[in-house]
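Have a look at the structure below before the remarks.
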There are 2 protein chains.
Amino acid sequence: MGRTSDAKVRLMDAVLELIWTGSYGTTTIDQICEKAGVKKGSFYYFFESKSHLAAAAFDESWKVNRGKLDGIFSATLPPLDRLRRYCDYAYQFQSEIRGKYGKVLGCPQVSLGCEVCTQEDVLQQKIKQILEQKRKYIESAVRDAHAAGDIDAPDAEAKSKMIMAYYEGVLTQARIQNDVEALKDAYLGVFAILGVRVCSIATAPAAKVQQPA
Amino acid sequence: MGRTSDAKVRLMDAVLELIWTGSYGTTTIDQICEKAGVKKGSFYYFFESKSHLAAAAFDESWKVNRGKLDGIFSATLPPLDRLRRYCDYAYQFQSEIRGKYGKVLGCPQVSLGCEVCTQEDVLQQKIKQILEQKRKYIESAVRDAHAAGDIDAPDAEAKSKMIMAYYEGVLTQARIQNDVEALKDAYLGVFAILGVRVCSIATAPAAKVQQPA
DNA sequence: AATATAGTTGTCTGTATGGTAAACTAATTG
DNA sequence: CAATTAGTTTACCATACAGACAACTATATT
């Protein structure tokens, strides 16, 4: 074995941040290399193109992020609490992002997916796949809520697609408007879609979502 | 007066199509000029930059499109019918687009807004402004529905924001998934958000939205 | 220490890009 | 028809870009 380095992960971190804070199209390989502190030769040693790097980076990032969602959507929690926590998490997280970057950045997968879906097929497939996995969390929460008699939603898949559209829609709006406030009440929309009488929930908000280290 | 030409509108048409079918970042001035059949010198005669052209084009396009929404949201129609028609329109329109371009393209304003919001301020403001105007249609429909006793929605603005997030979210998903099917049932989500008992509506679907010439 | 492996660097090339300037052409008006 | 205005074209420049490559360095294994 030769020596090891973290240049690969630095490149992945860099591209994620550049795409998220800007866009895929305007992010250049030179920029990525500069931010990562990696020379262009090394870039081409590790990745064959910008799109391959981006796909790898989103894949890797999702593996990490999944753990957070596993916690939020823990099966030990009442199903509607999980959804509530998911909304709270979005607000919390985007607020942090706003503090860090001065801007609300929304959902990386949707932003990138929306931008490249007609152009970059490999990347596009990766994004679709991640978003589909995200939806599964919602779907099983809805199914559990129905089974528990909390809501009437025999078609959990259909409901989860609605909620997903709404949730990602709110995040996209937050990005475009550069405003986190709409996220604060996002759960109201989710519960409305599910036909939950919100008053009974609003008085007992879920505990704050813990940020992992 | 010297001679006249339609090079300006050809440029605006071209940039709209290129951004919508692709993205803002990857659309070059040379591409725009080629598609419009206009030389680069002429481009710079009419517009000072790509972003200025895009802003003008979106502005102009919105002026045209507004007429369509005025029809869909006609105050003479029952308020919930207006929303239903709006959803039907999205499905119809995106289906046409899919036929024409082979791809579902979603909402131009959201796609562009999401892409450039951290980078192009002029453009960003224009997009925000158009989206806000779009929302107003929904808001007044919700207010009228509440006044008519069809729904219980004392805060029409808040509800309209939810519906807007959902509606644009469904369109964005349609683009990313390249699938119009979710749009067919979009009205279900809208009515769920409004707490409408959908069964009573679903049996009496609104008339097909007419396409203006 | 020898050698293979893993990682790094600076440089080079061809092309695409935005942007400018100046020459040119067509329509309109007095 | 001459002057003016509006619109068009071509040629050109500097820069930024993706991508390739060959030379180089550090580490691990034997």
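Everything numeric in this text was worked out from a predicted model, so none of it was measured. Values below: every heavy atom of this structure, side chains too, minus hydrogens, waters and symmetry copies. Each chain gets a letter, A, B and so on, in the order its sequence line appears, and its residues count up from 1.
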Got a donor-acceptor contact below 3.5 angstrom from the A/Thr26 side chain to the B/Gly25 backbone?
no

Rounded to whole Å, CZ of A/Arg10 lies from C1' of C/dG7 at a distance of 11 Å

Show me the pairs that pass salt bridge (charged side-chain N to carboxylate O under 4.0 Å, His left out) and involve residues 104-124 of chain A, at least two apart or across chains.
none

Between B/Trp62 and B/Gln133, do the side chains contain an N or O donor and an N or O acceptor separated by less than 3.5 Å?
yes

Going by an N to O cut-off under 4.0 Å, is there a salt bridge joining B/Arg66 and B/Asp70?
no

Below 4.0 angstrom, which residues in residues 37-47 of chain B have at least one non-hydrogen atom near DNA chain D?
B/Lys39, B/Gly41, B/Ser42, B/Tyr45, B/Phe46

Find the distance A/Asp30:CG to C/dC12:C1' and express it as a whole number of Å.
14 Å

With the threshold set at under 4.0 Å for non-hydrogen atoms, list the residues of residues 12-28 of chain A touching DNA chain C in residue-number order.
none

Applied to residues 103-133 of chain A, the ring-ring contact (aromatic ring centres under 6.0 Å, His included) test, sequence neighbours excluded, yields none

Would you kindly give the NZ-to-P distance between B/Lys8 and D/dA6, to the nearest whole Å?
12 Å

Identify, with sequence neighbours excluded, every residue that meets side-chain contact (heavy atoms from CB on, under 4.5 Å) alongside A/Arg143.
A/Glu139, A/Ala156

Name all pairs fulfilling the side chain to side chain donor-acceptor pair (under 3.5 Å) condition that reach into residues 164-179 of chain B, sequence neighbours left out, sorted by first residue then second.
B/Arg98-B/Asn178

What is the distance, to the nearest angstrom, from the CD1 atom on B/Ile29 to the P atom on D/dA16?
16 Å

Are B/Arg84 and B/Asp88 within salt-bridge range, i.e. N to O under 4.0 Å?
yes

